[in-house]
J.: 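Sharing a structure with you now.
Small disclaimer: the values here were computed from a predicted structure and weren't measured. All chains are named by letter (A, B, ...) in the order of the sequence lines, taking the proteins before the strands, and each is independently numbered beginning at 1.
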Amino acid sequence: MLNRRQFMERSLATSSLVALGSTVPGFLARTAHAADAAKDRILVVLELNGGNDGLNTLVPYADEHYQRARPTIGLKKEEVVKLDDMFGLNPGLRNLDRLRTSGQLAIVQGVGYPNPDRSHFESMDIWQSADPKRQIGTGWLGRGLGSLKAAEGAIPGMHVGEQKLPMALQGGPGGVPTIHPSRPFDLHLSDAAGNQQEFDGRRQVQGGPPSEHEKARMNLIKSTADPSATSGNDLLQFVRRSSLQTYTAIDRLRELMKTDGQNQLNDIQRFGPGGYGRLSAHLNLIARLIKANFGTRIFYVYIDGFDTHADQRNAHQQLLQQIADAVNQFYQQLEQAKLADKVLLMTFSEFGRRMAENGSRGTDHGAASCLFVAGPRAKGGLIGKPPSLAAADLDDGDPRFTVDFRQIYATLLDQWLGVESRHILGGKFEHVELVRG
Amino acid sequence: MLAGDLPPLDQLDPAEAWKPWAPSANDPWNLKWAAHLYRRAAFGAPPYQPGLCTWDGLQQAVAQGHEATFAQLFDAGEALADYDRVMDKLAPAGGQGRYYDPNSDLGLHELQAWWLHRMIHSPFPLRERLTLFWHNHFATSIAKVRSPVLMMRQNQILRAHALGKFAPFVLAMSKDPAMLMWLDSNSNVKGKPNENYARELMELFTLGVGNYTEKDIREAARAFTGWHTNAQVNPGYYQPGMEGQARFVFTSSQHDYGEKTLFGQQGKWDGGDVVRILLEQPAAARFLVRKLYRAFVSEGAEPPDRLVEPLAEQLRKSDYDIGGLLRTILVSRLFFSNHAYRRRVKSPVEYVVGLTRTLDVQNSVGLSTALAVTLESMGQKLFAPPNVKGWDGGRAWLNSATLVARHNVAWSFLGDAPDRTNEMRSRGYYDQVPTIPRINVLTLLQPVIRKSSDEQVGFLLDFFLQGDANLEVREKLAGFLKDDGLTPAERSNRLRDAVHTILLMPENQLA
């Protein structure tokens, strides 16, 4: 009888996927690019959706303009995690102390772009497409995937979460799969398999190699998604490619879940109700994929709730605390596996919030904000010039940006991912000192 | 020329495109066009009639001709009043010990199930389809509103106006307590305007990006100051019954009575004036037409302006009569053409409601509740769109996770579905765990049960896809069904598995 690996090899060799040649999703055809030092560096992008209040994240507590503009929600000297005589972090971020004090947390201030758009969707698209003119319909990471070097058989980019594929990852060759931990990523093809427990994910662990019948079923299903079949309908071709990509990713993940064995079972039990927060669960899955040497180089995760128009003080602090807890745990896991060096994590949000609080102890849509880049290879400390908060220096009532977000993208593309940023961003952007050589 | 072929969009004469379609000898009214119409306008099946299975209903539509089929689709007749009366009575009213718990979504499932039941069983599915369209247009989420009853009442407003005039509709939404809570209207007060509603009203509800200025938003926000609600649902502690009294209130003391200038018009405007002025802008009709085009004609190439303009003009001249516009679209030559045919990705709701109808799944207590739960895994949690922009739709519906979810829900109708008892218990269902009932495909397949595998494949592909499959797929399916000394049980399992395969086909993800 064949063992699992032999089965995988054999079925890949004989399946229609290989016969499909150039239409196969990028990761099967990418073997030629392998063997490069930069190819195992990983970037995790964490989206803070809703517009994170930068001034209550990196707090200029000693600035009188700040305190005057925020009489009820302004954070005082004794409340913040003090960085220096001017700045402190929101108390929700205390659990980043370990990374911060060991110089692994870059805090970039005043990040934004010219003529800020205060619509969530417009500004989010601007950040994700890296195009303030809104002429490009694809994402900066998606475009980057085309020239990213990844290991043989790897899925270069992956989206972990329940929501739709973010624009940032769109436009890459072969697309980007979405997975998340609380729902099993597998097809139910026979009664026996279906009878396994689904919710806690044991099915993937316990389910042995597929039966002959399941294999026949899978081959039949794959053959209906053959993108080399002619069609004048672009949408149909899109669905065929997406389906085929899904079946291939399933094969890969089955392999991972199997080799991961009992540890994985324990992890999955924590994802259910009452376990970690959702962000923790998603970063945990990413850590597991990294530890399993899955080969994915860009991961994208998301946390929601930053649109704090009213009563924001506690809500905002709790959101930041979720991030601090999740990111701290994520790096602890990677450190134990001696893999932290390979991973940088960047946060971003579509905009900051107005300098002045509104009438409901919240803040409305603003412009420039701060962001974090974490990891052993990040250059720790405050980076960039703080925006002046004096009334005369404000941009329509908001802090004016001092660092263009595309400078950060350019730095990470060129210095971390080994992808020439000029082609991705449509021009050269000055680097920011945030990656250690 | 093939049936349904029209010249490329940019060479198409708009007058020709929007002319009523008429069948001809080489482009007859047939199964393909009847199913196309029902996929777009009625979740994939004829208006529900007790005792009439979907396949027979489709045959009936073909036999009665396109005119009679349109008539039935646009006018539900006498059955509607009775159905509405019952369903309105059954609406989850809250206050019966059921509350909204964001962790289990318990109170929400009831509401979702109620709406799904309407989509499956309504004698007027076109109105439910439009209600879904408007839910996505005026996208409001229970995640912030926190009250199933207020979400239900908003849903009733969407339904009441679904095929009516747009101006009173926008005004009703501007005063809807769920909407007022969703976009922070209570903090919109004189001297400290909150721009949230004014901005989304222009950006997403009426004009679209680029058709207004930041100043227009500020002025409109002032006009809406004092448009409040007395609804107060405390996120931490939900008191059923409180929203019984929830309504729109005009807080005169917090309304800014000053002069405002909006799109060049100066006056002491209030919210009602804003709605009027917005709908006077030429961009408004175009914006709405483009959105309806994407929902009912095609998610492919954006239509050129000259194709949009006649419909926009019809809207303006008809006082923004949505039902009239829908009729023009759905009976048009363009609708019955290659530009529209399978040019949309089914939304998860369309996919599961369509499955339920096509497979003639018998209604059971738990069916629509179980479906509501599966929808979430496909990326469309009803009453909880991701944000005020709604679901993006189109290609964004499909990724590896949502495709797997679609595959598996199809299997749950056909095979022994995985036991979800634990999941449902964790969500608070102890007595009766909602499940998707398993159907016996053999009852669907009576006409061909003893026929050759080629004939069976032909029938199945007609039944589910009106023949939209290439030769290679037909051969593969026939090979799979070939009877090489199978036992009767194996034979029926193979048929069932072939049905599952067809339900997963890329063609079946398209509407």
J.: Top residue by heavy-atom pair count (under 4.5 Å) with chain B, among A:S231, A:S242, A:S119?
T.: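 Sorted descending by pairs with chain B, the first entry is A:S119.
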J.: Quick one: pull up CG in A:D311 and OG in B:S187 and give me the separation to the nearest 0.5 Å.
T.: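 A:D311 atom CG to B:S187 atom OG measures 9.5 Å (nearest 0.5 Å).
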J.: Step by step, work out the side-chain contact (heavy atoms from CB on, under 4.5 Å) result for A:R217 and B:H500.
T.: CA-CA 10 Å; A:R217 294 262 282 119; B:H500 184 231; 2.9 Å; yes
J.: A quick test of your reading: do over 12 heavy atoms of other residues, nucleotides or ligands sit less than 6.0 Å from NZ of B:K190?
T.: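 No - once you tally the heavy atoms of other residues, nucleotides and ligands closer than 6.0 Å, there are 12 at most.
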J.: Side-chain donor-acceptor pair under 3.5 Å between B:N493 and A:H213, yes or no?
T.: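 Side chains of B:N493 and A:H213: no pair found under 3.5 Å.
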J.: Looking only at heavy atoms and a cut-off of under 4.5 Å, which of B:Q509, B:M505, B:E203 has the most pairs with chain A?
T.: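 With the most close heavy-atom pairs to chain A, the winner is B:E203.
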J.: Please determine whether the number of non-hydrogen atoms from other residues, nucleotides or ligands lying under 6.0 Å from atom CG of B:N470 exceeds 12.
T.: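 Yes, the 6.0 Å shell around CG holds more than 12 heavy atoms from other groups.
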J.: Roughly how far apart are B:D497 CG and A:E214 CD, rounded to 0.5 Å?
T.: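 Going from CG on B:D497 over to CD on A:E214, the span is 10.0 Å.
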J.: Picking from A:H120, A:R240, A:H159, which has the most non-hydrogen pairs under 4.5 angstrom with chain B?
T.: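 Going by pairs under 4.5 Å, I would pick A:R240.
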J.: Hey, mind stepping through A:H309 and B:N196 against side-chain contact (heavy atoms from CB on, under 4.5 Å) and telling me if it holds?
T.: CA-CA 9 Å; A:H309 284 284; B:N196 218 359; 3.6 Å; yes
J.: For A:D364, is it the side chain, the backbone, both, or neither that has a heavy atom closer than 4.5 Å to a heavy atom of chain B?
T.: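 Contact with chain B involves the side chain of A:D364 alone.
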J.: May I have the step-by-step check of side-chain contact (heavy atoms from CB on, under 4.5 Å) for A:F121 and B:N387, ending in yes or no?
T.: CA-CA 9 Å; A:F121 314 105; B:N387 53 53; 3.4 Å; yes
J.: For the candidates A:N49, A:L236, A:I221, which exhibits the highest count of non-hydrogen atom pairs separated by less than 4.5 Å from chain B?
T.: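 Highest number of heavy-atom pairs under 4.5 Å: A:L236.
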J.: So which of B:N188, B:N186, B:I502, B:D392 has the biggest tally of heavy-atom pairs under 4.5 Å with chain A?
T.: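 Between B:N188, B:N186, B:I502, B:D392, the count favours B:D392.
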J.: With side-chain contact (heavy atoms from CB on, under 4.5 Å) as the criterion, how do A:R118 and B:R199 come out once you've worked through the C-alpha distance, each side chain's angles and the decisive distance to 0.1 Å?
T.: CA-CA 10 Å; A:R118 290 175 176 83; B:R199 178 182 301 278; 4.2 Å; yes
J.: Of all heavy-atom pairs between B:K476 and A:S223, which one has the smallest distance, and what is that distance?
T.: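 Smallest heavy-atom distance, with atoms named: CD-OG, 3.6 Å.
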J.: Hey, is the main chain of B:R342 close enough, under 3.5 Å, to the side chain of A:N233 for a donor-acceptor pair?
T.: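 Confirmed, A:N233 side chain pairs with B:R342 backbone.
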